[in-house]
Participant: 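The structure is given below, and queries will be raised subsequently.
Just so it is clear: chains get the letters A, B, ... in the order the sequence lines come, proteins before strands, and each one is counted from 1.
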Protein chains: 2
Amino acid sequence: MNLKELSDVLGLSPTTVSRALNGYPEVNAETRRRVIEAAATYGYVPNSMAKRLATGRAMAIGHVVPLNEHDMINPIFADFIAGAGEVYSKAGYNMLLSIVPETAEEESYRAMVAANSVDGVVVHGPRKDDHRIPLLRQLGMPFIVHGRTQSSEEYSWLDINNRRSFSRATKYLLELGHRRIALLNGLDAMQFARRRRLGYQDALTQAGITQDPDLIFSADMTEPYGYHTTKALLTGPNPPTALLSSSLIVALGISRAISECGLTMGRDVSVITHDDATSFLPNYGQVPLFTSTTSSVRAAGGRLAELFIDLIEHRIDGPVTELWETEMVLGTSTGPAPRPQP
Amino acid sequence: MNLKELSDVLGLSPTTVSRALNGYPEVNAETRRRVIEAAATYGYVPNSMAKRLATGRAMAIGHVVPLNEHDMINPIFADFIAGAGEVYSKAGYNMLLSIVPETAEEESYRAMVAANSVDGVVVHGPRKDDHRIPLLRQLGMPFIVHGRTQSSEEYSWLDINNRRSFSRATKYLLELGHRRIALLNGLDAMQFARRRRLGYQDALTQAGITQDPDLIFSADMTEPYGYHTTKALLTGPNPPTALLSSSLIVALGISRAISECGLTMGRDVSVITHDDATSFLPNYGQVPLFTSTTSSVRAAGGRLAELFIDLIEHRIDGPVTELWETEMVLGTSTGPAPRPQP
DNA sequence: CGATCCAACCAAAGCGGTTTGAATGTAAGC
DNA sequence: GCTTACATTCAAACCGCTTTGGTTGGATCG
C-alpha cells in the first residue's frame, strides 16, 4: 500500500494524506482522524527510500568502526552501540555500521557523504590529531566524537574524565601506602589511554615519586595481556605492589596471574581497574571484586546519540561537549600496601 | 554534482551517462571512457537514496538484535558483526542495526519490511519455535538465521555443530576418567545452549552414566556466573572433577573460582570451554590456557553474509544451510581425573 | 536504390513520497 | 449584498536516479 493507493481509498489527494500523517496544521481534525485510522487498518508505512529522497534526510547515523592494526574489535563497542541503538530506534533513526580496516576509513567517510546515505557520523577511537575531523568538517558532514583528540579544535564530543579518574585511582593507591604502581594501559595512540597515563603520572608526580618507565605498559586490552604482564612483573625483580588497569578484561588476566603466583589480590597485590560497566562483564558480588573507576559505556552511547540527534535536528547548536566523571567503586581488590619484607 | 549536471557537462543525456556508469553494453567505448573519467574528476557519486528508490533495492541488510530479558548484549555479537560487516562493505551493502527490547522485535521487522529499508534480515539467537521465521516468510522478506530453531522448517541458516562439539568434549573428559562433569551452559531457551546440553547428555548416556541434574546450569554467560557457580560446586558436597563451559568468559570465572579454592586447573579440576575465538579474549599461550571447542564467530559472520548476499542477488537459490564442525584445541585446563581421596 | 539492421543516443515516464502555489467554499466584516 | 479572510483541499512540480520505448544516421543487403 502506497500513498497514492491510500489516498484513493480515502477519496483524498496524496497531498492531504501526507500532511495529515505528518502532523501539518492545515488539515481538518476529522479528516486527520480518518486518515490515521485508514493508515493503521491498511498497514500503510511510507516507503523509506522515497521519503528520504523527497526530504533529503537519510534518517540514519553512520558509525565507521575501524578495525585496529591487530584486526581487533573492541567488545566495549557492543555496549556502546547498544546504548546508541536504542536511542536511534526511538527517534526513528537507523544505525548504519561500516566496519573497515583502518586504511579504508577515509574512503568510507567520503562514500557516505557523497552518496548522502547518512545525516551524520559518529567518530570512534579518536587519535592524537585525528585526520577524520578536518575531513568531516571539509565534507560538511555533521559529526560527534566519542572521546577527544589531543588538539584543541572545536567539535562536539562526549568523553569521560580519564585523566582525573586515573589520577584519583592512583592517589588512592598511594594513600594505601603503595609506591610501586604498574599501569597496564591500552594502546597509547588512543587518546583515552594517553589521558589515563597522564592522570597516573600526575598523581605520582604530586606525591614526589620517581616514575619507573618499566612499570608502564601499553597494548591491546586482552586478558592474556593482563596475565602475562603481571606474571612477568610479579616474578621479576622489584615487583610492584599495585596495578592499575584500563579494562576489566585486562584485570581478569591480572587476577589470574596473581593467584597463580600464590598471592592474594587485595592483600598482597592491589588492583584498580577501569570498568565500562558492560553487561557481559559485571563487576559484582556482595562487595564488587574489583575496586574500579566506573562509567557505563552504554549510557555514554545513549547520551551521545541523544546529543547528536538534537544537533542534527537543530534543537541545539554545537559544538556541544560533555565530560563525565567516573565513579570510584571500592571492591575487594585493594588494600594497604604490604610491609616491606624484613 | 548529480547526474543531470554531469550529463550537461559532458553534453550527453542522463540516460547515456547512467548507462555508461552502470556498465550497460549499448554505449560507445570511447564515450564510456569519457564519462567514467569525468565522473572521477568531478567526484560524482550517485545519490544513494535516489538510486534505491529507482531500483527498489535498499542495498542494506538488517540485523535486529534483541536485548535479552536482562538487557544484556552478547559481546560475541561484536565479532560476528565485524565479520559480516567486512563482507557487506566489500559488496556495497550497508548494515542496518536495530537494537530493540525483545518485546519490540516483531514490530521492528514489520517496520523494516513496510518501509522497504532493507533487502533482507539476519535472524539472531533463534528460539525453539521462533515466531520470527513464519513472520518473515509471511512478510516476504528474505532472511537467514545464525543458528537453528528446533523445528524442521526449511530456511537458510549457518550454524556450528554444537551438539557434536559438546558430545565430543564430554567424551574426552570421560576418557580422562572424569565421572562428575558439570555443565555451565547459556540460557536453555537459546538453541545453541540446548544443543550443547543434548551433546553433553548424549555422551553421558552413551557412557552409561546417570546424570545429576544438579550439575547442569543455565544462565547468561558472564564471568560471575562461572565464578559463583563453580565456587558453590567446589565447596559443596560431592564436587565435580570437571566442568564444561559455554563461553570463554564463563570459563574465566570458573578458573578464578578454582584457584581461589586453592586448586589447580588441569590437575585438580578439568575445564573445557567453547571458544568463539573473539579477538578480545584470545585463548593463547605456548599451549592455550583452556582446552576448548573452537570456532571463529567472526568467520561465521563473514560466511553468513556471503551466503546471504548470494541468495539475495539470486546467484544461488535457497534454502542454503551450512553446518560447521568445531575444532578441539587442547590446552592446559584438562588432565586425568584425580584419584578419589583415600 | 529502397528496405533492413544496428550501433549509439535520447526524451520521458516512472519510483513514492514532500512541498509549493492555487483553488474552493464558507463564515465574518462592512 | 459584496468583500475579505480563513480553513481545507488539491494539482503539479520536484527529489535524483533507472528504464522503457523510441529516434537517428550510417552500414549492409537483396
Side-chain angles (χ1 to χ4, degrees), chain A residues 1-36 38-39 42-60 92-94 111-119 313, chain B residues 1-36 38-39 42-60 92-94 111-119 313:
Chain A
M1 164 80 53
N2 62 25
L3 184 63
K4 182 72 176 47
E5 290 163 15
L6 183 63
S7 63
D8 284 351
V9 167
L10 283 162
L12 289 168
S13 74
T15 310
T16 303
V17 175
S18 171
R19 289 192 154 140
L21 292 173
N22 289 308
Y24 281 67
E26 61 272 63
V27 173
N28 182 293
E30 165 60 13
T31 307
R32 188 191 306 276
R33 200 195 53 68
R34 271 178 57 219
V35 171
I36 290 175
Y42 292 101
Y44 167 76
V45 174
N47 178 302
S48 68
M49 291 175 283
K51 187 163 192 161
R52 281 153 205 226
L53 177 58
T55 58
R57 311 230 18 239
M59 291 308 285
Y93 279 78
N94 284 130
M112 277 190 178
V113 173
N116 245 295
S117 42
V118 296
D119 297 318
E313 298 186 348
Chain B
M1 164 83 49
N2 62 24
L3 184 63
K4 182 72 175 47
E5 290 162 17
L6 183 63
S7 63
D8 284 351
V9 167
L10 283 160
L12 290 166
S13 74
T15 308
T16 305
V17 175
S18 170
R19 289 192 153 137
L21 292 173
N22 290 309
Y24 282 67
E26 61 271 63
V27 174
N28 182 293
E30 164 60 13
T31 307
R32 189 192 303 279
R33 200 195 52 67
R34 271 179 56 219
V35 171
I36 290 175
Y42 291 103
Y44 167 75
V45 175
N47 178 301
S48 68
M49 290 175 280
K51 186 163 194 163
R52 281 153 205 227
L53 178 57
T55 57
R57 310 229 22 237
M59 290 309 284
Y93 279 78
N94 283 129
M112 277 190 179
V113 174
N116 246 296
S117 41
V118 296
D119 296 319
E313 298 185 348

Participant: Can you identify which nucleotide, out of C/dG16, C/dT18, C/dC15, has its nearest atom closest to the A/L3 side chain?
Facilitator: C/dT18
Participant: How long is the line joining CZ of A/R34 and P of D/dT9, in whole Å?
Facilitator: 9 Å
Participant: Let me know the distance between CZ of B/R52 and P of C/dG16, rounded to the nearest Å.
Facilitator: 16 Å
Participant: Mark yes or no for a side-chain to base donor-acceptor pair under 3.5 Å between B/T16 and C/dA8, with no hydrogen or angle criteria applied.
Facilitator: no
Participant: What nucleotide, of C/dC9, D/dA11, C/dG16, holds the atom closest to the side chain of A/N47?
Facilitator: C/dG16
Participant: Reckon B/T15 has a side-chain N or O less than 4.0 Å from the OP1 or OP2 of C/dC10?
Facilitator: no
Participant: May I ask you to check whether B/Y24 and B/R32 show a side-chain donor-acceptor distance below 3.5 Å?
Facilitator: no
Participant: When you measure from the side chain of A/T55 to the backbone of A/K51, do you find a donor-acceptor pair of N or O atoms at a distance under 3.5 Å?
Facilitator: yes
Participant: How long is the line joining CG of B/L6 and P of D/dG16, in whole Å?
Facilitator: 14 Å
Participant: Could you state the atom-to-atom distance from NZ of B/K4 to P of C/dA12 in whole Å?
Facilitator: 12 Å
Participant: Any non-hydrogen side-chain atom of A/T15 less than 4.5 Å from a side-chain atom of A/R19?
Facilitator: yes
Participant: With rounding to the nearest 0.5 Å, note down the distance linking OG1 in B/T31 to CD in B/E26.
Facilitator: 12.0 Å
Participant: Which is more 5' along DNA chain D, the nucleotide nearest A/P25 or the one nearest A/T55? Just name the residue.
Facilitator: A/P25
Participant: Just the rounded figure in Å: distance from P of D/dA7 to CD of A/E30.
Facilitator: 18 Å
Participant: Counting side-chain heavy atoms from CB outward, which of C/dC10, D/dT8, C/dG17 is closest to A/E26?
Facilitator: D/dT8
Participant: Closest to the A/Y44 side chain: D/dC17, C/dG17, C/dG16?
Facilitator: C/dG17
Participant: For C/dT18, does either OP1 or OP2 sit under 4.0 Å from a side-chain N or O belonging to A/N22?
Facilitator: yes
Participant: Looking at the side chain of A/K51, which of C/dT18, D/dG16, D/dT18 is the nearest nucleotide?
Facilitator: C/dT18
Participant: Taking atom P of C/dT18 as reference, at what distance in whole Å does atom CE of A/M49 sit?
Facilitator: 14 Å
Participant: Would you indicate which nucleotide in D/dG16, D/dT19, C/dT18 comes nearest to any side-chain atom of A/S18?
Facilitator: C/dT18
Participant: If you take atom types as modelled and just measure distance, does the side chain of B/T31 reach the base of C/dA8 with a donor-acceptor pair under 3.5 Å?
Facilitator: no
Participant: Check every atom of C/dT19, D/dT19, C/dG17 against the side chain of B/R19 and return the nucleotide holding the closest atom.
Facilitator: D/dT19
Participant: So, do B/L3 and B/V17 sit near enough that their side-chain heavy atoms are less than 4.5 Å apart?
Facilitator: yes
Participant: Could you check how far CG of A/N28 sits from P of C/dT26, rounded to whole Å?
Facilitator: 14 Å
Participant: Let me know, please, whether B/V17 or B/A54 comes out on the 5' side of the other along DNA chain C by nearest nucleotide.
Facilitator: B/V17
Participant: When you measure from the side chain of B/N2, which nucleotide among D/dT8, D/dG16, C/dT18 comes out closest?
Facilitator: D/dG16
Participant: Which nucleotide in the set C/dG17, C/dC10, D/dG16 lies at the smallest distance from any side-chain heavy atom of B/L12?
Facilitator: C/dC10
Participant: Which heavy-atom pair separates B/A60 from B/S117 by the least distance, and what is that distance?
Facilitator: CB-O, 3.8 Å
Participant: OP1, OP2 of D/dT19 versus side-chain N and O of B/Y24: anything below 4.0 Å?
Facilitator: yes
Participant: What is the separation between atom CG on B/L53 and atom C1' on C/dG14, rounded to the nearest whole Å?
Facilitator: 9 Å
